[in-house]
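Taking it in order: structure first as structure tokens, then the write-up.
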Amino acid sequence: MKTLDIEMEGLVALKSALANPDLGAALEKAIHAFSTTTGRVVITGMGKSGHVARKIAATMRSTGTSALYLHPGEASHGDLGVISPKDVVLAITWSGETRELDDIFHFCRIYGVTLVVATAFPDSTAGRAADICLALPRVREACPNELAPTSSTTLQLVLGDALAVALIEARGFSSNDFRMFHPGGRLGAQLATVGDVMGIGDSVPKVTTSATIMGATIEMNRKRYGCTAVVDAEERLVGAFTDGDLRRCIAVHDLHEEIAAHMTHSPVTIDAARLCSDALALMNESAVSVLFVTQLEKLVGIIHMHDIVKLGVERA
């Protein structure tokens with residue numbers, strides 16, 4: 001609990017510092033530099049600050065900002081070449097006296113690369129080298145000896161998140177954009193749309209209103225959805241015929257009767273732009289395992305619960 005209390009004190013201090021006109025103005029300048037650069041955001045740091053820098057770069061990349069992490073040691077041995085004059089460099093250094101960063105600072109000065117520094121010591125070497133200095137509040141570490149980076153790295157991480165979120169807003173980055181960077185895993189599944197998964201074309205079971213029960217049954221058995229759509233001459237969805245409907249018909253009706261008299265009217269439908277998680281919720285609410293996908297009342301596809309579950313989608 002003591003560790004949490006100390007680190008929370010640090011976050012409160014950071015929140016107060018952001019209300020300071022100087023830090024607030026510097027933060028706005030940094031966000032503007034990151035959002036308007038035609039190059040990349042190159043993020044660097046050494047030790048624990050380096051691990052934080054890697055995380056910030058990863059968060060920015062996943063939210064639409066081209067960013068990469070540059071190790072200061074590797075930079076001094078050839079990797080400075082990854083920095084272009086169009087880039088913006090963000091250096092994370094609590095003390096501002098991380099000597100391994102000196103070559104990067106020198107390179108930025110020589111080639112006119114905008115340098116943003118996040119440090120608790122704005123009068124340090126790093127702070128003086130910066131074009132934009134983000135002066136973090138000095139907070140006590142949660143470490144009993146006040147040596148191991150704890151509260152300080154928490155502030156750095158939160159600052160990085162604040163920058164990334166501000167860039168999301170500045171770039172108008174949407175959930176659809178987010179999915180483009182997260183096609184795999186649970187995030188990708190939760191952001192998948194019905195249109196991404198639905199069956200289309202010849203895979204969609206359908207018959208016209210003039211089809212017979214026999215014809216609808218044959219079409220239903222040709223496809224894998226356990227049902228068939230019933231459409232009119234303009235391809236508008238007017239009904240559905242399921243294996244349940246067939247069981248009710250087969251014993252008491254002539255299989256050559258027209259399907260229109262035995263289909264289920266107004267089947268449950270969904271738009272292709274809806275999320276698969278929404279489709280799954282609608283299936284559960286409607287007690288169906290299949291949804292027909294329509295656009296302006298016309299049949300454009302079909303989606304089965306199993307297709308959604310395979311993706312790993314969870315109900316919204």
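The basis for the numbers below is simple: all heavy atoms, side chains too, and nothing from hydrogens, waters or symmetry mates.
Formation of a donor-acceptor pair under 3.5 Å by the T212 side chain with backbone atoms of E258 is not found in this model. Of the possible polar contacts, none joining the S286 side chain to the M283 backbone as a donor-acceptor pair under 3.5 Å is found. In terms of modelled atom types and a separation under 3.5 Å, the side chain of T242 and the main chain of G244 share a donor-acceptor contact. Counting only distance, with no hydrogens or angles, the side chain of R40 and the backbone of A67 share no donor-acceptor pair below 3.5 Å. Under the 3.5 Å distance criterion, the side-chain polar atoms of T37 are left unmatched by any main-chain donor or acceptor of A33. Remark: side-chain polar atoms of R138 are paired, donor with acceptor, to backbone N or O of A120 under 3.5 angstrom. Using modelled atom types, one side-chain atom of Y69 and one backbone atom of G45 make a donor-acceptor pair closer than 3.5 Å. At distances below 3.5 Å, at least one donor-acceptor pair connects side-chain atoms of K223 with backbone N or O atoms of D202. A distance-only check finds no donor-acceptor pair linking the side chain of N20 to the backbone of A17 [under 3.5 Å]. Proximity of a side-chain donor or acceptor of T119 to a complementary backbone N or O of F121 within less than 3.5 Å is detected.
In this view, N221 satisfies the side-chain hydrogen bond (donor to acceptor under 3.5 Å, both in side chains) rule with no residue, not counting sequence neighbours.
A salt bridge is absent between D5 and K2: the closest approach of a Lys/Arg side-chain nitrogen to an acidic carboxylate oxygen does not fall below 4.0 angstrom.
Hydrophobic side-chain contacts under 4.5 Å tie Y225 into a cluster, directly or through other members, with V204, V231, L237, V290, F292, L299, I302. Its side chain within the 4.5 Å cluster rule, F107 clusters with V42, L68, L70, L80, V82, I83, V89, L101, I104, F105, I110, Y111, V113, L115, V117 among the Ile, Leu, Val, Met, Phe, Trp and Tyr residues.
Transitive grouping of hydrophobic side chains (ILVMFWY, heavy atoms separated by less than 4.5 Å) keeps I6 and W94 in distinct clusters.
Side-chain contact check for H71 versus R54: some heavy-atom pair is nearer than 4.5 Å.
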